[in-house]
Amino acid sequence: MDTKPIYLDHAATTPVAPEVIQAMLPFLEGAYGNASSLHSFGQEAKAAVEAARTRIASFMGARPEEIVFTSGGTESDNFIIKGIALSRRDRGNHLITSSIEHHAVLETCDFLRKQGVSVTLLPVDSNGLVDPDDVRKAITDKTILISIMHGNNEIGTIEPIAEIGSIAREHGVAFHTDAVQTFGHIPIDVDELKVDFLSASAHKLHGPKGVGLAYIRKGMKITPLLHGGDQEKRRRASTLNVPGIVGFGRAVELADASMHTESSRQSALRDRLIKGLLSSIGDTRLNGHPVRRLPNNANLSFAFVEGEGLLLSLDMEGIAVSTGSACTSSSLEPSHVLKAIGVPVELAHGSLRFTLGRDTTREDIDRVLQVMPGIVHRLRAMSPLVRKGAVS
Amino acid sequence: MDTKPIYLDHAATTPVAPEVIQAMLPFLEGAYGNASSLHSFGQEAKAAVEAARTRIASFMGARPEEIVFTSGGTESDNFIIKGIALSRRDRGNHLITSSIEHHAVLETCDFLRKQGVSVTLLPVDSNGLVDPDDVRKAITDKTILISIMHGNNEIGTIEPIAEIGSIAREHGVAFHTDAVQTFGHIPIDVDELKVDFLSASAHKLHGPKGVGLAYIRKGMKITPLLHGGDQEKRRRASTLNVPGIVGFGRAVELADASMHTESSRQSALRDRLIKGLLSSIGDTRLNGHPVRRLPNNANLSFAFVEGEGLLLSLDMEGIAVSTGSACTSSSLEPSHVLKAIGVPVELAHGSLRFTLGRDTTREDIDRVLQVMPGIVHRLRAMSPLVRKGAVS
Amino acid sequence: MIQNGPYNEKVMDHFRNPRNVGVLENPDGVGTAGNPVCGDIMEISIQVEDDVIKDVRFRTFGCGAAIATSSMVTELVKNKTIDEALAVSNRAVAKALGGLPPIKMHCSVLAEEALRSAIDDFRRRQGKP
Amino acid sequence: MIQNGPYNEKVMDHFRNPRNVGVLENPDGVGTAGNPVCGDIMEISIQVEDDVIKDVRFRTFGCGAAIATSSMVTELVKNKTIDEALAVSNRAVAKALGGLPPIKMHCSVLAEEALRSAIDDFRRRQGKP
Ligand SMILES: Cc1ncc(COP(=O)(O)O)c(C=O)c1O
Ligand SMILES: Cc1ncc(COP(=O)(O)O)c(C=O)c1O
């Protein structure tokens with residue numbers, strides 16, 4: 001392809017910002033010390049880690065000591081959910097979560113279920129919203145944790161976290177939110193959201209892959225997932241990923257500076273994309289909430305065709321999108337999220353997720369709008385599901 | 001300080017090789033795709049990951065699909081030991097390990113002990129060697145895993161892994177070795193060592209921090225530690241750390257090329273250091289095996305003084321060393337390893353670990369030999385443990 | 001073969017330029033395999049003269065591999081006798097495409113099934129068992 | 001204060017150039033605290049004239065903080081009356097050093113203890129309670 005590639009899969013991962021790479025390089029090149037070492041090499045690394053921790057904590061209204069660095073969103077989700085299940089075993093064995101969580105939450109809950117923990121999977125409405133009242137009703141005296149994601153990675157719906165947080169507090173139940181998709185994209189304040197635990201991952205906000213964080217509210221006891229050395233106040237062992245953490249810190253700084261303008265800029269482009277696709281291609285629907293959605297997410301289903309064919313056809317045009325969450329794109333199952341919001345299975349198979357980023361321009365969107373109708377038309381012409389004359 | 005800093009703490013972490021940084025940069029800059037994504041960005045990332053996997057597998061005599069990338073040595077140790085304890089729960093609940101393992105193994109075993117698993121901690125001799133016969137005797141019909149480290153991170157002793165592997169096979173017990181300190185430093189072949197599981201960490205061989213591997217012999221079932229997406233054939237979820245993995249691959253390539261010459265070069269320098277210190281400073285002993293030791297490790301105890309004072313004094317001279325394992329350097333306890341080999345506690349407090357690397361020169365060693373006697377003398381002069389006239 | 005995507009160049013060629021797309025006006029046999037709930041459905045129609053498949057068309061709802069295997073199976077059986085066509089296994093289809101990712105091998109099975117189903121339909125119409 | 005090591009500049013200064021190292025020839029009181037098994041032992045000897053600590057020396061086996069706190073406590077009590085010296089708390093020692101890492105606060109406690117032990121010894125020798 002001759003034209004500049006257009007990356008519209010920012011929910012899968014984002015380009016590392018040049019400023020982030022610049023911030024990381026000194027810690028790859030010269031300042032390579034182990035942050036646990038007492039000598040100057042170590043202390044230089046440690047100072048950089050603590051600066052990043054302070055920066056990130058202040059961004060989310062937390063205290064530095066409430067941040068535990070991890071290897072990513074998956075580890076944070078596993079750490080928090082398993083850690084609470086273990087540390088509160090004597091208080092109960094019931095978890096509440098939603099049916100549209102990321103697999104890092106759902107599979108962890110599934111694992112715990114096999115260990116004898118009972119799990120309530122709350123339904124969502126057709127826009128993907130959890131009803132806070134459902135949460136209230138699901139709480140029992142055995143409930144030890146509620147885990148509801150902040151923004152959904154597939155359909156972009158933003159959940160009523162603060163409302164659920166109030167309910168959790170009323171009942172004295174710990175509350176976790178997977179904020180991997182929202183962190184750095186929309187404002188987050190752990191006190192306003194009333195969360196006790198939060199997961200985030202640097203590579204979703206133009207930071208490096210392989211680093212994330214678990215926010216653990218002061219006073220909350222939790223069993224570690226990684227046992228070993230004394231790092232992170234004995235909450236997460238292993239040599240600190242200094243360049244990764246420094247990069248995460250810089251990425252948060254950049255997000256902080258641009259979040260406000262980017263979120264309105266991207267929302268406008270997102271809406272242009274959604275309106276354009278819905279109007280130019282028949283038998284197409286938008287998935288997720290029309291308004292309460294991530295600024296960068298457009299998820300649509302195109303009847304009669306299968307998503308992978310659309311994805312490959314777009315890829316041939318230099319346009320990168322996703323058929324669902326990247327981590328399950330090799331699965332044959334249609335998305336559990338689309339299923340949960342009631343998209344018929346055949347239609348779910350024909351879904352695409354476009355996720356915009358800081359680098360996305362209006363020209364990019366217009367190019368998608370230009371090529372999509374032809375691609376859908378070509379695949380529909382091949383599809384046995386199209387009744388003759390059903391689609392032009 | 002005016003002189004060039006001398007880094008002699010390679011067991012804590014190593015400088016990232018310039019070639020490794022060069023290999024990583026393209027995957028931070030342009031090729032930032034998520035390796036699970038179907039589009040070209042994703043497939044480019046995936047191809048790079050698979051090339052690294054193949055490279056690393058061949059280095060250790062394994063098949064690519066036997067390698068699971070993790071966030072480091074600690075995660076690999078936790079994953080393997082907890083994963084086997086869970087997946088073989090119906091076959092038994094007994095683990096065998098040694099008293100000189102890294103905390104990532106010991107603390108994991110401790111955690112499992114609290115969950116009802118029984119753990120045999122084998123002693124070591126005064127050189128730090130595990131007796132294979134002790135392993136044999138400890139095996140019961142409930143034993144599900146033996147975990148003995150390849151090379152000790154504090155005193156450098158290399159354990160008789162192949163012998164223990166034979167015994168494990170005879171008894172049909174799975175066998176894990178923590179090879180974090182040996183990987184890339186001495187030859188490793190999983191078939192010759194007769195291991196079923198192995199842990200390694202890239203930052204110990206001039207690779208990046210935050211990436212490691214778990215070797216899992218074909219056919220061995222194991223419960224994941226990180227549940228979530230479909231990555232790593234469902235053995236370890238989370239977006240792959242593409243630049244980290246690529247860097248790990250390059251680091252292994254470099255180690256492969258230089259290991260042979262480096263191991264004899266470093267052994268010679270190490271011996272020069274040990275002999276020099278023993279001869280110029282009285283009341284000093286070498287810890288660990290005189291011959292079966294890591295090429296880059298010298299661990300010595302200096303009577304009457306405390307290690308941190310030595311470390312800080314050396315740091316003031318621009319020389320970076322460690323008092324034990326970096327991850328516990330903030331602890332007040334003397335090293336469990338020195339205790340296990342019978343070093344009296346007061347003496348253990350006065351121990352230093354010098355670990356050499358590819359960048360270590362003879363001049364570096366000579367400079368240490370030049371400054372150490374004065375440093376020890378100065379601290380001894382302050383020490384109430386020195387009987388008048390006991391030390392010059 | 002170095003692949004830049006999930007599929008090799010041959011698969012991508014058949015995905016990009018599928019052969020024999022469509023439905024025959026007056027087919028002698030039509031068969032389908034798969035179902036849309038599973039995300040794959042293939043429809044093959046054949047025209048048979050003197051026991052030879054003179055023309056063949058397919059329509060597929062499915063992933064890239066599903067489209068490519070349908071396309072390839074039509075190529076492989078065109079101008080073959082019915083018996084020769086029945087001997088075309090799913091492995092032969094996958095092989096002709098230069099290989100498929102393991103997770104996509106089921107698509108080649110579907111292609112084989114759709115073809116057999118079309119031949120069954122042809123035989124039924126002929127009054128054969 | 002920006003620190004480049006585990007300790008601030010003041011602590012490092014006292015580690016590098018400890019004040020009043022050694023043992024007095026004819027002390028009026030000697031005290032120790034800690035024990036080598038724990039990795040810290042301090043010994044303080046004092047010379048007292050008219051209830052004033054005229055001279056003081058220390059020897060320490062221990063970490064950088066242990067050495068620095070010993071050094072600082074000798075500075076703080078030199079030329080103080082016994083009562084003034086007894087009023088020097090471990091927090092005062094840590095504060096005079098510009099702060100210690102939390103994990104090292106026990107060193108300042110040891111320094112206080114060694115001093116009190118030396119004063120106790122002095123009083124014992126004086127026949128006081
Ligand atoms: C909502 C959500 N949670 C968790 C994760 C897992 O994060 P990571 O892949 O960094 O482990 C992701 C992304 O993959 C996500 O979108
Ligand atoms: C023997 C050994 N095992 C495990 C580890 C843990 O590795 P990491 O810090 O990369 O998690 C280390 C080093 O810290 C080690 O030396």
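Residue numbers start from 1 in every chain, and the chains themselves are labelled A, B, ... in the order their sequence lines are given, proteins ahead of strands. Heavy-atom basis, side chains included; hydrogens, waters and symmetry copies ignored.
Of the residues considered (D/G22, D/A65, D/G64), D/G64 shows the highest number of contacts with chain B, using heavy-atom pairs under 4.5 Å.
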What verdict does the side chain to side chain contact (heavy atoms under 4.5 Å, CB included) test give for B/M382 and D/T60, after you've listed the backbone C-alpha separation in whole Å, the side-chain angles of each residue and the deciding distance to 0.1 Å?
CA-CA 6 Å; B/M382 268 191 239; D/T60 290; 5.9 Å; no
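With a 4.5 angstrom heavy-atom cutoff, B/A381 touches chain D only via backbone atoms. Heavy-atom distances place both the backbone and the side chain of B/L312 under 4.5 Å from chain D. Neither the backbone nor the side chain of D/R57 comes within contact range of chain B; no heavy atoms are under 4.5 Å apart.
Residues D/F15 and B/R378 approach most closely at O-NH2, 2.7 Å, considering heavy atoms. For B/S383 against D/R59, the heavy-atom pair with the smallest separation is O-NH1, 3.5 Å. Scanning both residues, B/E306 and D/G39, for their nearest heavy atoms gives CG-O, 3.6 Å. Contact detail for D/F61 and B/E346: the closest heavy-atom pair is CZ-O, 3.8 Å.
A distance of 11.0 Å separates CD1 in D/I41 from NE2 in B/H349, rounded to the nearest 0.5 Å. Taken from CG in B/D315 to CE in D/M12, the straight-line distance is 7.0 Å, to the nearest 0.5 Å.
Other residues, nucleotides and ligands contribute more than 12 heavy atoms inside 6.0 Å of the CZ atom of B/R285.
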